[in-house]
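Nothing fancy with the numbering, it's 1 onward along the sequence. It should be emphasised that the depicted structure is a prediction, and the values quoted were computed from it without experimental measurement. Remember, it's 1-based here, ligands and their atoms both numbered in the order they're listed.
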Amino acid sequence: MPNSSPFLGQPEMINYLQYLTGGRKFGPFITSANLTPDASGKPAGLTLRDFITTLRTGHNPNDPPGQILQVMPWPVIGKKTDLDLTAIYEYLRAIPSLPDNPNPGP
Ligand code: HEM
C-alpha cells in the first residue's frame with residue numbers, strides 16, 4: 001500500500017484488499033502465487049495433501065512433471081511438521097477468497 005513502508009519509517013498497513021493474493025514479481029518470469037481459497041474453498045486450489053506435498057518437495061502436483069517452484073522458500077517451510085503445515089492450510093482456508101492480484105507489485 002502507498003506510504004506504508006516500515007522500512008522508510010512510515011506507519012505499517014496490512015494490504016487487506018489484496019491479502020495473500022500474490023502478484024509480487026521476482027524478476028520477469030516469477031510471480032508469487034495467490035494463496036487465497038479458490039471457488040471450492042481450497043487454498044491456491046490445493047487439497048491439504050497436495051499443499052503439504054508442494055511445500056515438502058517444491059513440486060505442485062498440478063504442475064507439469066519436474067517443475068519446481070522458484071524463489072518460494074519451500075526448502076525451509078517444508079521442514080515444518082504436518083501439524084504446522086495443516087495449521088497454515090486451515091488458516092488459508094479461512095481467509096476471504098480474492099482474485100489474483102490485479103496490480104502486481106515490484
Ligand atoms: C508460510 C509461508 C508460505 C506459504 C504457506 C507459501 C505457499 C505457497 C504455495 C502453496 C505455492 C504454490 C502455489 C501454486 O503453485 O499455485 C507458493 C508459490 C510461491 N511462493 Fe510461497 N509460500 C510462503 C512463503 C513465501 C515467501 C516468503 C515467498 C517469497 C519471499 C514466497 C514466494 C512464492 C513464489 C514466488 C511462488 C511461485 C513460484 C513459482 O511459480 O515458481 N512464498 N507459495
Problem set entry | Ligand-side contact atoms (ligand 1) for residue partner I30, heavy atom cut-off under 4.0 Å | 35 (C)
For this session: With the side chain counted from C-beta on, respond yes when T54 and P61 share a heavy-atom pair under 4.5 Å apart, and no when they do not.
Result: yes
Exercise. In the protein, which heavy atom is nearest to atom 15 (O) of ligand 1, and how far is it?
Worked result: N60 ND2, 2.8 Å
Exercise. Any donor and acceptor pair, going by atom type alone, linking the side chain of N101 with main-chain N or O of G22 inside 3.5 Å?
Worked result: yes
Seminar exercise, completed: One finds that the ligand 1 atoms under 4.0 Å from a non-hydrogen atom of I88 are 5 (C)
Problem set entry | Numbered atoms of ligand 1 (with element) below 4.0 Å of L46, judged on heavy atoms | 10 (C)
Exercise. If you draw a 6.0 Å radius around CG in L8, do more than 12 non-hydrogen atoms from other residues or ligands fall strictly inside?
Worked result: yes
Problem set entry | Main-chain N/O of L98 paired to T36 side chain as donor or acceptor, under 3.5 Å | yes
Exercise. Backbone N or O of R24 within a donor-acceptor pair of the S32 side chain at under 3.5 Å?
Worked result: yes
Problem set entry | Closest approach of any protein heavy atom to atom 37 (C) of ligand 1, naming residue and atom | T31 O, 3.5 Å
Seminar exercise, completed: At a cut-off of 2.8 Å, protein N/O/S around atom 21 (Fe) of ligand 1 gives M72 SD
Exercise. Is there side-chain contact between N15 and L17, with heavy atoms separated by less than 4.5 Å?
Worked result: yes
Exercise. Can you list every salt bridge (charged side-chain N to carboxylate O under 4.0 Å, His left out) pair that touches residues 53-64, not counting sequence neighbours?
Worked result: R56-D82
For this session: Quick one: look at N34 and ligand 1, take heavy-atom pairs under 4.0 Å, and tell me if it's side chain, backbone, both or neither.
Result: neither
Exercise. Between Y89 (side chain) and L46 (backbone), is there a donor-acceptor pair under 3.5 Å?
Worked result: yes
Exercise. Is there a side-chain contact between L69 and H59 (heavy atoms, below 4.5 Å)?
Worked result: no
Exercise. Among protein heavy atoms, which sits nearest to atom 29 (C) of ligand 1, and what does the distance come to when rounded to 0.1 Å?
Worked result: F26 CZ, 3.7 Å
Exercise. Where do F51 and I88 land on the side-chain contact (heavy atoms from CB on, under 4.5 Å) test, with the steps shown first?
Worked result: CA-CA 10 Å; F51 180 79; I88 294 171; 4.0 Å; yes
Exercise. What do you reckon, does N62 put a non-hydrogen atom under 4.0 Å from ligand 1?
Worked result: no
For this session: Could you find the nearest protein heavy atom to atom 41 (O) of ligand 1 and give me its residue, atom name and distance?
Result: Q70 N, 3.0 Å
